[in-house]
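To keep things clear, I will list the structure first and then write my remarks on it.
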Amino acid sequence: MRFDGIFAPLSTPFTPGGERIDFDALKENISAYNRTALAGYVVCGSTGEANFLSSDETDALFAAVAENSSPDKVLIAGTGIDSLSETIQRGKRAGELGYKAVLVRTPHYYKPLMTHEALVEYYSRVADASPVPVLVYSIPQYTGVEVRPGTAAQLARHPNIVGLKESSGRLETVRAIIDATPKTFQTLVGSASILEASLRLGAVGGILGLADVLPNECAQLFAAARSGDLAGAEELQAQIEPVSKKCVSELGPAGVKYAMDCLGLSGGEPRLPLLPLTESQKESVNAVLAAIGKSSVGAVGD
């Protein structure tokens, strides 16, 4: 199974106050993304506020996205939580619904004890039980736990661990993981700010919060890089980078959601304890979108 291309880690729209998932809004968002060149979707990732969802909500999201996605989109389920047994059960459910892989973030509550040995054991157990391929998810700025190149190299030996999403935003880490793992091991990046450079190093694609906002531009950058159009890829990188830094790196899910609202999608407010943007923050998002001509409603999926 190949995971080349750009995947959107779908945002989770909520009803006012964050009480319930707004499945009608989710369906509308997916309908717009289905008309883009995105390779597929990740459900219940960091951008989707997975940590704030109950098990029942997670299951309902898996089912809703599977039902409404275009058949040509590859579906990846975010299943990783600290509990090994629950992670395995969520993965089995995703497999039943037709998901092609699971994305499993590092367990992290007992951070000092999440050693190389602990991570290898955890991911090996997940992969042994998973009906679909496993993608490891390293996002140390949120978890405090990093999958280092040596750990990635050992995990790559497992036949059901096929790749890794590297979200530190550090190009040197992407390079080190690609150098340490076999060519068959697929590295995807989680930071649009280093997308073009990572593709040049050998990354196969990206799972990008920015793809919720600028799916066409992210997909075009990937296509340009793959076709050898380095100038075109660099131009697109320069275009998307300020938006990525502002809306994703600086403002997180709330920034992504507000930018989606600006472009005619259903973002809405995040769930507490995440706070909605202040008026000043909204103005800063408006400015970076206007700078690339993306302040008009209806820009996504057209």
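Heavy-atom basis, side chains included; hydrogens, waters and symmetry copies ignored.
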_Looking at T181 and I177, would you say the former's side chain and the latter's main chain have a donor-acceptor pair under 3.5 Å?_
yes

- Please examine the side chains of P107 and L119, heavy atoms only from C-beta on, and report whether any two atoms are closer than 4.5 Å. yes

Atom pairs and distances, side-chain donor-acceptor, residues 71-86, under 3.5 Å, sequence neighbours left out:
{"residue": "D72", "atom": "OD1", "partner": "S70", "partner atom": "OG", "Å": "2.3"}
{"residue": "K73", "atom": "NZ", "partner": "T36", "partner atom": "O", "Å": "2.7"}
{"residue": "K73", "atom": "NZ", "partner": "L38", "partner atom": "O", "Å": "2.7"}
{"residue": "D82", "atom": "OD1", "partner": "H108", "partner atom": "N", "Å": "3.2"}
{"residue": "D82", "atom": "OD2", "partner": "H108", "partner atom": "N", "Å": "3.4"}
{"residue": "D82", "atom": "OD2", "partner": "Y109", "partner atom": "N", "Å": "2.8"}
{"residue": "S83", "atom": "OG", "partner": "S85", "partner atom": "OG", "Å": "3.3"}
{"residue": "S83", "atom": "OG", "partner": "E86", "partner atom": "N", "Å": "3.1"}
{"residue": "E86", "atom": "OE2", "partner": "S55", "partner atom": "OG", "Å": "3.4"}
{"residue": "E86", "atom": "OE2", "partner": "R90", "partner atom": "NE", "Å": "3.0"}

Scanning both residues in full, the closest heavy-atom pair of D229 with G232 reads OD1-N, 2.9 Å

Value for CD (Q220) from CD (Q239), rounded to nearest 0.5 Å, stands at 8.0 Å

| said: Determine whether the aromatic ring centres of residues F62 and Y99 are separated by less than 6.0 angstrom. | reply: yes

Between N29 (side chain only) and L265 (backbone N and O only), is there a donor and an acceptor less than 3.5 Å apart?
no

Between F222 and G5, the two heavy atoms sitting closest are CZ-N, 3.3 Å

Mind checking whether I21 and F52 sit in one hydrophobic cluster, side chains of I, L, V, M, F, W, Y counted as touching below 4.5 Å?
no

Check: Within the side chain of S69, is there an N or O that forms a donor-acceptor pair under 3.5 Å with the backbone of V65?
Finding: yes

**Item:** K27, NZ: over 12 other non-hydrogen atoms inside 6.0 angstrom
**Value:** no

*asked:* Do the side chains of E121 and R125 get close enough for a salt bridge, i.e. N-O under 4.0 angstrom?
replied: yes

- Is it true that L214 and V285 fall in one hydrophobic cluster, defined by side-chain heavy atoms closer than 4.5 Å? yes

Is the shortest heavy-atom distance from the side chain of V104 to the side chain of L135 under 4.5 Å? no

Point to revise | Any P270 side-chain heavy atom under 4.5 Å of F14 side chain | key: no

_Taking the side chain as everything from C-beta on, heavy atoms only, tell me whether P140 gets closer than 4.5 Å to V145._
no

For R105 and A50 the tightest heavy-atom approach is NH1-CB, 4.4 Å

Are V189 and L210 in one and the same hydrophobic cluster, where Ile, Leu, Val, Met, Phe, Trp and Tyr link if side-chain heavy atoms are under 4.5 Å apart?
yes

Worksheet item: Any donor and acceptor pair, going by atom type alone, linking the side chain of D212 with main-chain N or O of S11 inside 3.5 Å?
Response: yes

> Counting distance only, does the side-chain N/O of R93 pair as donor-acceptor with the main-chain N or O of Q89 below 3.5 Å?
Replying inline: no

Test side-chain contact (heavy atoms from CB on, under 4.5 Å), reference F185, set L155, I161, V204, output is I161

Could you walk me through whether R271 and E57 pass salt bridge (charged side-chain N to carboxylate O under 4.0 Å, His left out), step by step?
-> CA-CA 13 Å; R271 237 178 200 176; E57 287 177 323; 2.8 Å; yes

*asked:* With a 4.5 Å cut-off on side-chain heavy-atom distances among I, L, V, M, F, W and Y, is there a chain of contacts connecting V174 to L221?
replied: yes

Exercise. Show your reasoning for whether side chain to side chain donor-acceptor pair (under 3.5 Å) applies to H158 and S124.
Key: CA-CA 7 Å; H158 194 292; S124 297; 5.3 Å; no

Using modelled atom types only, decide if a donor and an acceptor are shared between the side chain of S138 and the backbone of V147 within a distance under 3.5 Å.
yes

Taking the side chain from E269 and the backbone from P276, do they hold a donor-acceptor pair closer than 3.5 Å? no

For F3 and A101, the nearest pair of non-hydrogen atoms, with its separation, is CZ-CB, 3.4 Å

Here the gap from L103 atom CG to I139 atom CD1, rounded to the nearest 0.5 Å, amounts to 9.5 Å

The side-chain contact (heavy atoms from CB on, under 4.5 Å) partners of R170 (sequence neighbours excluded) come to E146, S168, E172, T173

Do I207 and L195 belong to the same hydrophobic cluster, where Ile, Leu, Val, Met, Phe, Trp and Tyr are linked whenever their side-chain heavy atoms lie under 4.5 Å apart, directly or via other members?
no

By salt bridge (charged side-chain N to carboxylate O under 4.0 Å, His left out), K257 pairs with (sequence neighbours left out) E49

Is there a side-chain contact between D22 and S266, using heavy atoms and a 4.5 Å cut-off? no

So CE of M260 and OG1 of T47: to nearest 0.5 Å the spacing works out to 10.0 Å

Exercise. Are any of the side-chain heavy atoms of M1 and V162 separated by less than 4.5 Å?
Worked result: no

Problem set entry | Expected output: side-chain D261 to main-chain G268 donor-acceptor under 3.5 Å | yes

Notebook entry, point to check: Any side-chain heavy-atom pair from Y41 and L10 closer than 4.5 angstrom?
Noted result: yes

Less than 3.5 Å apart, which donor and acceptor atoms pair up between the side chains of residues 244-256 and the rest of the protein, not counting sequence neighbours?
{"residue": "K245", "atom": "NZ", "partner": "E241", "partner atom": "OE2", "Å": "3.4"}
{"residue": "K246", "atom": "NZ", "partner": "E250", "partner atom": "OE1", "Å": "3.0"}
{"residue": "K246", "atom": "NZ", "partner": "E250", "partner atom": "OE2", "Å": "3.1"}

Evaluate Y142 against N51 for side chain to side chain donor-acceptor pair (under 3.5 Å), listing each step before the verdict. CA-CA 11 Å; Y142 285 173; N51 277 15; over 6 Å; no

Interatomic distance, CG@N216 vs CD1@I6, rounded to 0.5 Å, equals 12.0 Å

Shortest non-hydrogen pair, L53 vs G48, comes out as CD1-O, 4.0 Å

Residues at least two apart in sequence or cross-chain that pass side-chain contact (heavy atoms from CB on, under 4.5 Å) with T278, listed by chain then number, are S280, Q281

All heavy atoms of V132 vs all of G95, minimum pair found to be CG1-CA, 4.1 Å

Practice prompt. Check the pair L171 / S198 against side-chain contact (heavy atoms from CB on, under 4.5 Å), numbers first and verdict last.
Written response: CA-CA 7 Å; L171 188 62; S198 297; 3.6 Å; yes

One should read off an interatomic distance between I194 CD1 and R200 CZ, to the nearest 0.5 angstrom, of 11.0 Å

d(L61 CG, L26 CG) to nearest 0.5 Å is 6.5 Å

Across all chains, not counting sequence neighbours, the side chain to side chain donor-acceptor pair (under 3.5 Å) partners of Q186 are none

| query | With a 3.5 Å cut-off and no angle check, do the side chains of T106 and Y123 form a donor-acceptor pair? | reply | no

